[in-house]
Number of protein chains: 2
Amino acid sequence: MAESDRIAAKTKFLDFLEEKNLRITAQRRAIVDTVFGTDQHFTAEQLLEWAKEKDSSVSRATVYRTLPLLTESGLVHEMDFGKDYKIYDPNYADHPNHNHIICDDCDKIVEFESDRLDQLEDEISTGLGFKVKTQQLRINASCEEMKRLGECKNKGN
Amino acid sequence: MAESDRIAAKTKFLDFLEEKNLRITAQRRAIVDTVFGTDQHFTAEQLLEWAKEKDSSVSRATVYRTLPLLTESGLVHEMDFGKDYKIYDPNYADHPNHNHIICDDCDKIVEFESDRLDQLEDEISTGLGFKVKTQQLRINASCEEMKRLGECKNKGN
DNA sequence: TTGACAATGATACTGAGTCTCAATATCTTC
DNA sequence: GAAGATATTGAGACTCAGTATCATTGTCAA
Ligand SMILES: [Mn+2]
Ligand SMILES: [Mn+2]
Ligand SMILES: [Zn+2]
Ligand SMILES: [Zn+2]
């Protein structure tokens, strides 16, 4: 994510708060700066840790309160990767339809976009009498190619 | 799921246990009978409740111990629908590649299969140097068509 | 029948996420 | 800039799905 995109996402979120008559606080600034200062997926607990480094007054409660605002604004997506915690993705501001492929051997995650996929989902949904709102495709795989090249390091090693 | 398929799935699971030198107990029988006696998606707690009706000695611990065996055998799939509990699906014995479309308004869930989808996922994964192991597509939608026909009852009603 | 050991239930525990509430900060109006 | 209305805060109690522990019981091969 380019510097300009980060600033744009941040501005959009502050506008979102204003539209909903919500207040811009020091804690929310620290959280938003953290979220749009990375392109990594993160957990709520990671976000708490990182945001505390910017402003030690940020509490767990505020992080958990701010995450739904971030997802509601459409700038961050909440994802389930089958773990017992949720994963948050700040890359939707830029790439609102991307999906993920996960290597079960080494936990590598690769993002991808596909217009053909989006179109097919629309087609299937329409055929069943639905209108798509959101979608989430997770492919669990093994990175055979990379394993051959020695780039897939099994966890057990 | 036809009666014969249910018996087949149950037999497969008992074989699976035998292959792994695991024992066939009364509690496991009650759980398996329950799982393959329905084609509904269920939670672990629901399974506990239903299995207890068949054999009141079934405990929560045994249900939670048996579920990983069922998923490992490939006859049941574990799914995340964005709730804070997992959903289990006994229909994979019959339809090992189906996916789900969920109406956010009325919580209706429709299952679908698509060879084109499977093929596209394979194509995308191969292109990125991965070999697909499992996949999960969730489409959140609103059932416009059914709403028009009065079949989509909003939760608030 | 016996013995090795897999499986069991009860229950304590874990940990992500939610709720509560008194104290505080923001923002608007004057 | 002060005041007032009210949104937001942190601390910590709480919830609840899922896991771990352990003494007891059940399975099954020999
Ligand atoms: Mn992503
Ligand atoms: Mn299903
Ligand atoms: Zn890998
Ligand atoms: Zn509906």
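If you're wondering where the values come from, they're calculated on a predicted model, not measured in any experiment. Quick note on labels: first sequence line is chain A, next is B, and so on, each numbered from 1.
Nucleotides of DNA chain C nearest to A:Lys86 and A:Gln27 differ in position, and the one nearer the 5' end is that of A:Lys86. For the pair B:Ala26 and B:Ala44, both in contact range of DNA chain D, the more 5′-proximal nearest nucleotide belongs to B:Ala44.
Separating the CG atom of B:Asp84 from the P atom of D:dC14 is a distance of 20 Å, rounded to the nearest angstrom. For the pair B:Lys83 NZ and C:dT18 P, the interatomic distance rounds to 13 Å; values are reported in whole Å. Taking atom CG of A:Leu47 as the reference point, atom P of C:dA16 lies 14 Å away to the nearest angstrom. Taking atom CD of residue B:Gln46 and atom C1' of nucleotide D:dG18, one finds them 16 Å apart after rounding to whole Å. Taking atom CG of B:Leu69 as the reference point, atom P of D:dT19 lies 13 Å away to the nearest angstrom. Residue A:Ile87 contributes atom CD1, which lies 12 Å from atom P of C:dA16 at whole-angstrom precision. Look at CG on A:Leu48: it is 14 Å from P on C:dT18, rounded to the nearest Å. We find that CD of A:Glu45 is positioned 11 Å from P of C:dT18, with the value rounded to whole Å.
The shortest distance between the side-chain N/O atoms of A:Tyr64 and the OP1/OP2 oxygens of C:dT18 is not below 4.0 Å. Neither OP1 nor OP2 of C:dA10 sits under 4.0 Å from any side-chain N or O of B:Arg60. One finds no side-chain N or O of A:Tyr85 lying less than 4.0 angstrom from the OP1 or OP2 phosphate oxygen of C:dA16.
Residue B:Ile109 shares its hydrophobic cluster (ILVMFWY side chains chained together at separations under 4.5 Å) with B:Met79, B:Phe81, B:Tyr85, B:Ile87, B:Tyr92, B:Ile102.
Among the protein residues, A:Arg65 comes within range of the nucleic acid bases, having at least one heavy atom under 4.0 Å from a base atom.
Partner B:Asp33 forms a side chain to side chain donor-acceptor pair (under 3.5 Å) with one of B:Lys10, B:Arg6, B:Arg28 and no other, that one being B:Lys10.
At a threshold of 4.5 Å between side-chain heavy atoms, the hydrophobic network of Ile, Leu, Val, Met, Phe, Trp and Tyr places A:Ile7 and A:Val35 in two separate groups.
Using a 4.5 Å heavy-atom cutoff, the side chains of B:Phe36 and B:Leu70 are in contact.
For residues 59-77 of chain A, the pairs satisfying salt bridge (Lys or Arg N to Asp or Glu O under 4.0 Å) are A:Lys20-A:Glu72, A:Glu45-A:Arg60, with sequence neighbours left out.
Relative orientation of the B:His41 and B:His100 rings is perpendicular, given thresholds of 30° and 60° on the angle between their planes. Classification of the A:His98-A:His95 ring pair by plane angle, with boundaries at 30° and 60°, yields perpendicular.
Using a 4.0 Å cut-off on heavy atoms, the residues of residues 12-25 of chain B that approach DNA chain C are B:Leu22, B:Arg23, B:Thr25, listed by number.
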